[in-house]
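Side chains included, hydrogens not; waters and symmetry mates left out as well; all remaining heavy atoms used. For the single chain, residues carry numbers from 1 onward in sequence order.
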Amino acid sequence: MSDRLRPDRPRHRPRHARRTLEVLDSRGLADGLLAEANTTEAVHLFAGATLDLTHLPSRHRYGMVTPQTEVDQALERYARDQGAQVLRGTEATGLVQDADAVTVTARPHGGGPASTWRARYAVGADGAHSTVRDLLGADFPGKTVLTSVVLADVRLADGPAGNGLTLGNTPEVFGFLVPYGKARPGWYRSMTWDRRHQLPDRAPVEEAEVTRVLTEAMGRDVGVREIGWHSRFHCEERQVRSYRHGRVFLAGDAAHVHSPMGGQGMNTGIQDAANLAWKLDLALGGADPAILDTYHRERHPVGRRVLLQSGAMMRAVTLGPRPARWLRDHLAPALLGVGRVRDTIAGSFTGVTLRYPRGRRRNALVGTRATEVPLAQGRLTELQRSGGFLLIRERGASGVETEVAQAERTDSGPALLVRPDGYVAWAGPGVRTNGGNGSDGWHTTWRAWTGPTAGTVRAGAELEREGWRRAGGPAPVPSSVPRRPPGGQGVGQGGGGRFPRPSLAEEPEQRRAAPETPQRDDRVTDRTAQRRAMGEGDDGVALDVVHDVPRGVQQPADADEGP
């Protein structure tokens, strides 16, 4: 269940994706978006401080600036191509879950007969004003941190030079300009705020207000010639305590909202979905459902960090006291002039230096992204397009006999098992089909995620159709949904999902019989033994925490290489 369109909500906000570009590239979408987008290599901050993005450890050493509608449309086309059914103008009005499935009631927006849908899991990705979150009764603790912020599309005669993002501020106002570039020459997305002019969200935006605040913030007349779309809003910092509520998951703005400073909102939400999608696919295909708990353990700390980072930037921009501003204006340029500090900040804001927790005694590479590992067969993001885990052999190592997709690296690094979302699940000195040295082998790690033997696990859609047939009902997926090709990588064949399955079953009430619970392999149902094999304690909690998090913030931890 995703965000329904609302007339008062801007759907064409520019976004600045970095790690998200890698996620989009793994679905074959990045190049098409970049062809029509503007890119920026720097963010110009206060007192001449500049955040340089050209040193990022990524193929995409820049931010992408494009209307959100372009990203929305690309993702929708991809979802439909994978067999998803997208319903517009429909909103959820009821949600009930039991031991086997989730039942959602929905009706057309504006009235009409209700429909009932039933699925084994549901995902609420319906925005900051999430109906799913309300139906769950989930708390959304936090507070309002900034009011009367104005967004507008402005055409400037004398805008900032270059393609960078530019911030200007005084003790009373700030203005932020993002160029649309070749898509709309001369046009910028502006964000302005005036401490002395605080109005409710529904108050109209006057063109004179935007012009005055931009001129004051930038310290000169930028030549406002035209103002198009505009909106007034307020910023909140909130995060749900749990991303999982039984069989229902929350993602994106439904799980966390924060200041728009840093442009991390859409990036974080897409990466939430990328983390959850392949785990749902595995669980639907017969893997131990406990792997779904790792979604909260891995993504909740990331959401909390984003709140802290965007909040810190917002507070730095809106500083009022003269001594605090003097300190900021002297420290920021000096710190961003130090390469290691610059790259740490840029990597953290863009997400490319994120790492997930790893278990005790695990290789230091576990939990890091593998996107930049050089391969003989092309880029990792290209190989990810077929879905599933990927076994990367050491340079010169021959292939092993396994159904997991393989590639050979061209540098001197170790062998890797890469998760479907591009993060390292296992790293070691070599690969063997039997896992080699016991619990440290890639095969054991793969099994900890996928569960039963490869021959007994099928793609999630195939298994669910079979379960519904056994229950005496028709399949819940329309016949137009393409099956995975013969020999393709399903869940048991190194699978793990190319895109989130539709989060609601695609048939109404009369087809809601729940599928039979798949038979589990006895070798993987002993959770204590499995966790011990992954280097965890009997309580199932790994001893490492998220690496790239502000100091002093306690993080929940769990092994990355297995549930």
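- Annotation: ring pair (Phe, Tyr, Trp, His ring centres under 6.0 Å) contacts of Phe140 (sequence neighbours excluded): none.
- Using a cut-off of 4.0 Å between Lys/Arg side-chain N and Asp/Glu carboxylate O, Arg385 and Asp25 are scored as salt-bridged.
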> Where do Thr54 and Asp52 land on the side-chain hydrogen bond (donor to acceptor under 3.5 Å, both in side chains) test, with the steps shown first?
Replying inline: CA-CA 6 Å; Thr54 61; Asp52 186 352; 2.7 Å; yes
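- Counting all heavy atoms, side chain and backbone alike, Arg133 lies closest to Ser130 at N-OG, 2.9 Å.
- Taking the six-membered ring for Trp and the full ring otherwise, the centers of Trp278 and Trp449 sit less than 6.0 Å from each other.
- Listed here is the closest heavy atom pair of Gln384 and Ser26: OE1-CB, 3.6 Å.
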>> Between Val373 and Val418, is the side chain to side chain contact (heavy atoms under 4.5 Å, CB included) condition met? List the steps.
In response: CA-CA 11 Å; Val373 174; Val418 181; over 6 Å; no
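- Checked by atom type and distance alone, the side chain of Ser58 pairs as donor or acceptor with a backbone atom of His60 at under 3.5 Å.
- Considering only heavy atoms from C-beta on, Leu250 stays 4.5 Å or farther from Asp272 through its side chain.
- Rounded to the nearest 0.5 Å, atoms CE (Met313) and CG (Leu51) are 8.0 Å apart.
- The CE atom of Met261 sits 7.5 Å away from atom CE of Met314, with the distance rounded to the nearest 0.5 Å.
- For the atom pair Arg447 CZ and Thr450 OG1, the distance stands at 4.0 Å (nearest 0.5 Å).
- Thr371 has its side chain within reach of Thr381: a pair of non-hydrogen atoms, C-beta onward, lies under 4.5 Å apart.
- Side-chain contact between Glu298 and Tyr243 is absent, with no heavy atoms from C-beta onward closer than 4.5 Å.
- Distance alone, capped at 3.5 Å, is enough to place a donor-acceptor pair between the Gln406 side chain and the Val400 backbone.
- Side-chain atoms of Pro357 and Arg297, non-hydrogen and from C-beta on, never get closer than 4.5 Å to each other.
- Taking all atoms of both residues into account, the shortest heavy-atom contact from Ala427 to Leu365 is CB-CB, 4.1 Å.
- Using a 4.5 Å heavy-atom threshold, the side chains of Thr402 and Trp442 count as touching.
- Between Thr444 and Trp426 the shortest side-chain heavy-atom distance does not fall below 4.5 Å.
- More than 12 non-hydrogen atoms from other residues, nucleotides or ligands lie less than 6.0 angstrom from CD of Glu372.
- Counting heavy atoms from C-beta on, the side chains of Leu280 and Tyr295 never come closer than 4.5 Å.
- The shortest distance between side-chain heavy atoms of Glu36 and Thr66 does not fall below 4.5 Å.
- Interatomic distance, Thr20 OG1 to Leu29 CG, rounded to the nearest 0.5 Å: 12.0 Å.
- By the 30° and 60° cut-offs, the orientation of the rings of His443 relative to Trp446 is perpendicular.
- What you find for Ala283 and Pro289 is that their closest heavy atoms are CB-CA, 4.4 Å.
- When atom types are taken as modelled, the side chain of Arg238 and the backbone of Val257 share no donor-acceptor pair closer than 3.5 angstrom.
- At least one donor-acceptor pair closer than 3.5 Å links the side chain of Gln271 to the backbone N or O of Asn267.
- In this structure, the side chain of Asp126 engages the main chain of Val132 through a donor-acceptor pair within 3.5 Å.
- Listed by first and then second residue, the ring-ring contact (aromatic ring centres under 6.0 Å, His included) pairs involving residues 247-270 amount to none (not counting sequence neighbours).
- Interatomic distance, CZ of Arg244 versus CG of Leu276, reported as 9.5 Å (0.5 Å rounding).
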>> Between Arg77 and Gln73, is the side chain to side chain contact (heavy atoms under 4.5 Å, CB included) condition met? List the steps.
In response: CA-CA 6 Å; Arg77 287 193 298 269; Gln73 291 167 9; 3.7 Å; yes
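- Residue Arg305 holds its CZ atom at 4.0 Å from OG of Ser348, rounded to the nearest 0.5 Å.
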>> The test is side chain to side chain contact (heavy atoms under 4.5 Å, CB included); show your working for Arg379 and Leu375 and say whether it passes.
In response: CA-CA 6 Å; Arg379 301 194 310 273; Leu375 303 176; over 6 Å; no
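- One N or O on the side chain of Asn163 and one on the backbone of Thr39 form a donor-acceptor pair closer than 3.5 Å.
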>> As a quick check of understanding, evaluate salt bridge (charged side-chain N to carboxylate O under 4.0 Å, His left out) for Glu382 and Arg59, giving each step before the final call.
In response: CA-CA 13 Å; Glu382 292 175 324; Arg59 175 172 175 256; over 6 Å; no
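- A donor-acceptor pair is defined here as one N or O able to donate and one able to accept, closer than 3.5 Å; no such pair exists between the side chain of Arg419 and the backbone of Asn275.
- With sequence neighbours left out, Arg395 forms a salt bridge (Lys or Arg N to Asp or Glu O under 4.0 Å) with no residue at all.
- With hydrogens and angles disregarded, a donor-acceptor distance shorter than 3.5 Å links the side chain of Glu408 to the backbone of Gly396.
- The two atoms that bring Glu394 and Ala415 nearest to each other are CG-N, 3.4 Å, heavy atoms only.
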>> Pair Leu354, Tyr423 - check side chain to side chain contact (heavy atoms under 4.5 Å, CB included), show working.
In response: CA-CA 10 Å; Leu354 167 72; Tyr423 287 87; 3.5 Å; yes
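- Remark: side-chain polar atoms of Arg355 are paired, donor with acceptor, to backbone N or O of Val366 under 3.5 angstrom.
- Heavy-atom minimum distance, Ala101 versus Ala119: CB-O, 3.1 Å.
- At distances below 3.5 Å, at least one donor-acceptor pair connects side-chain atoms of Thr294 with backbone N or O atoms of Ile291.
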